[in-house]
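We count ligands from 1, going down the list as the structure has it; atoms in each ligand are counted the same way.
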Amino acid sequence: MSTESLRIVWIYPDLLSTYGDRGNLLILAHRARMRGMPVETLEVRSDQRLPTTADIYLVGGGEDGPQALGAQRLMADGGLHRAAAQGSVVFGVCAGYQLLGRSFFAKGTQCAGLDLLDLHSDRGASRAVGELAGDVDPRLAVPALTGFENHGGRTHLGPEVSPLARVTTGVGNDGVTEGAWRGKLLGTYSHGPALARNPALADLLLRWATGAGQLPPLDDSWPEKLRAERRAAVAARQ
Ligand code: GLN
């Protein structure tokens, strides 16, 4: 951690904040505070400079126009590149995931991404909309991923990143894999918000940010109920 409190930045709430993705910020702050960690949260609009010394940066989903604008502004700002190079955690969802790669499509045009993750996105034949589930890379020690997806893009991973999960329901990157990670950078197509639906994923980001091997367990009976409900709903449809 850079200071005595955990600093979490929610990037561009004015552009990238679909499907309650801002909930990821609330969940991280809550789960850190429940462990007695002091937390500072900061929402940085697209007309403001990004601080470069935070511990965790969150980028949410967005429609094509705001996604393209967000990527341009992040590129011009340069702060996310500096923070990632210094070892900060970066978590991107959907549009926020695609723009961490080399390129993506928005409104029929190929746009440059930040090139922080070795991947690129093009367009699928149809939108991927609905439940998304998958078995997470065992090295991350996170149980099955659950979420909601709504995207037109398809994402192709290069050799420098690992898939976050193998898809069991839905599409994710391409119907086979979902999301990607390298070092302390991680992206997913999962909304829900992702960290509310997957508290172990929130704890993974907190462990990366703090360097803690383990975190004290929390009472997750409510999120577990929600996860079981979603699993049953998905199973009933298959
Ligand atoms: N605009 C992107 C796409 O449709 C991302 C959508 C989203 O963030 N929900 O693929």
Side-chain angles (χ1 to χ4, degrees), residues 9-28 43-46 56-75 80 90-134 145-158 161 163-165 167 169-181 185-198 201-202 205 230:
V9 173
W10 178 234
I11 295 177
Y12 300 171
D14 52 329
L15 296 178
L16 299 166
S17 215
T18 48
Y19 307 118
D21 283 344
R22 185 174 168 277
N24 291 325
L25 174 70
L26 305 180
I27 293 288
L28 277 179
E43 304 203 7
V44 179
R45 288 192 322 266
S46 59
I56 305 181
Y57 293 80
L58 305 172
V59 205
E63 285 135 18
D64 283 12
Q67 176 179 6
L69 185 58
Q72 277 168 19
R73 297 216 170 156
L74 281 173
M75 201 99 74
L80 195 59
V90 181
F91 179 64
V93 175
C94 205
Y97 163 45
Q98 292 179 5
L99 64 74
L100 296 178
R102 222 169 8 262
S103 62
F104 59 89
F105 270 79
K107 298 195 164 178
T109 306
Q110 191 177 35
C111 305
L114 302 189
D115 205 8
L116 287 170
L117 287 175
D118 179 20
L119 53 87
H120 70 277
S121 302
D122 54 18
R123 270 342 241 204
S126 59
R127 282 193 84 75
V129 185
E131 288 291 325
L132 173 62
L145 184 83
T146 144
F148 165 79
E149 63 181 340
N150 184 353
H151 52 100
R154 297 294 184 276
T155 297
H156 309 280
L157 309 188
V161 292
L164 170 63
V167 171
T169 302
V171 176
N173 293 329
D174 56 2
V176 179
T177 68
E178 143 55 17
W181 70 283
L185 313 186
L186 192 150
T188 176
Y189 272 110
S190 172
H191 300 280
L195 301 184
R197 299 246 316 227
N198 302 277
L201 197 56
L205 303 183
R230 297 322 303 165

Verify the distance criterion only: is there a donor paired with an acceptor across the side chains of Ser103 and Gln110 at less than 3.5 Å?
-> yes
Which ligand 1 atoms does Ala95 reach within 4.0 Å, using its non-hydrogen atoms?
-> 5 (C), 7 (C), 8 (O)
Could you list which atoms of ligand 1 come closer than 4.0 Å to a heavy atom of Arg127?
-> 4 (O)
Criterion salt bridge (Lys or Arg N to Asp or Glu O under 4.0 Å) on Asp64 and Arg123, from CA distance to verdict = CA-CA 12 Å; Asp64 283 12; Arg123 270 342 241 204; 3.3 Å; yes
Name the closest protein heavy atom to [atom], giving the residue it belongs to and the distance to 0.1 Å.
atom                    : answer
atom 9 (N) of ligand 1  : Asn150 O, 2.9 Å
atom 10 (O) of ligand 1 : Gly153 N, 2.8 Å
atom 3 (C) of ligand 1  : Gly152 N, 3.4 Å
atom 7 (C) of ligand 1  : Cys94 SG, 2.8 Å

Using heavy atoms and a threshold below 4.0 Å, how should the contact between [X] and ligand 1 be classified: side chain, backbone, both, or neither?
X      : result
Asp64  : both
Arg123 : side chain
Gln67  : side chain

Does CD belonging to Glu63 count more than 12 external heavy atoms closer than 6.0 Å?
-> no
Between His191 and Phe148, what is the ring plane arrangement, given parallel below 30°, perpendicular above 60°, and tilted in between?
-> tilted
Contact (N/O only, under 3.5 Å) between His151 and ligand 1 = no
Before signing off on this row, confirm whether Gln98 and ligand 1 have an N or O atom pair separated by under 3.5 Å.
-> yes
Which is closest to atom 5 (C) of ligand 1 in terms of heavy atoms, Ser121, Gly62, Gly61, Gly124?
-> Gly62
Mind checking what makes salt bridge (Lys or Arg N to Asp or Glu O under 4.0 Å) contact with Glu43, not counting sequence neighbours?
-> Arg22
Stepwise side chain to side chain donor-acceptor pair (under 3.5 Å) check, Thr146 with Arg230 | CA-CA 8 Å; Thr146 144; Arg230 297 322 303 165; 5.8 Å; no
When rounded to the nearest 0.5 angstrom, what is the spacing between OG1 in Thr18 and NE2 in His151?
-> 11.5 Å
Under 3.5 Å, side chain of Gln98 to main-chain N/O of Thr155, donor-acceptor pair present?
-> no
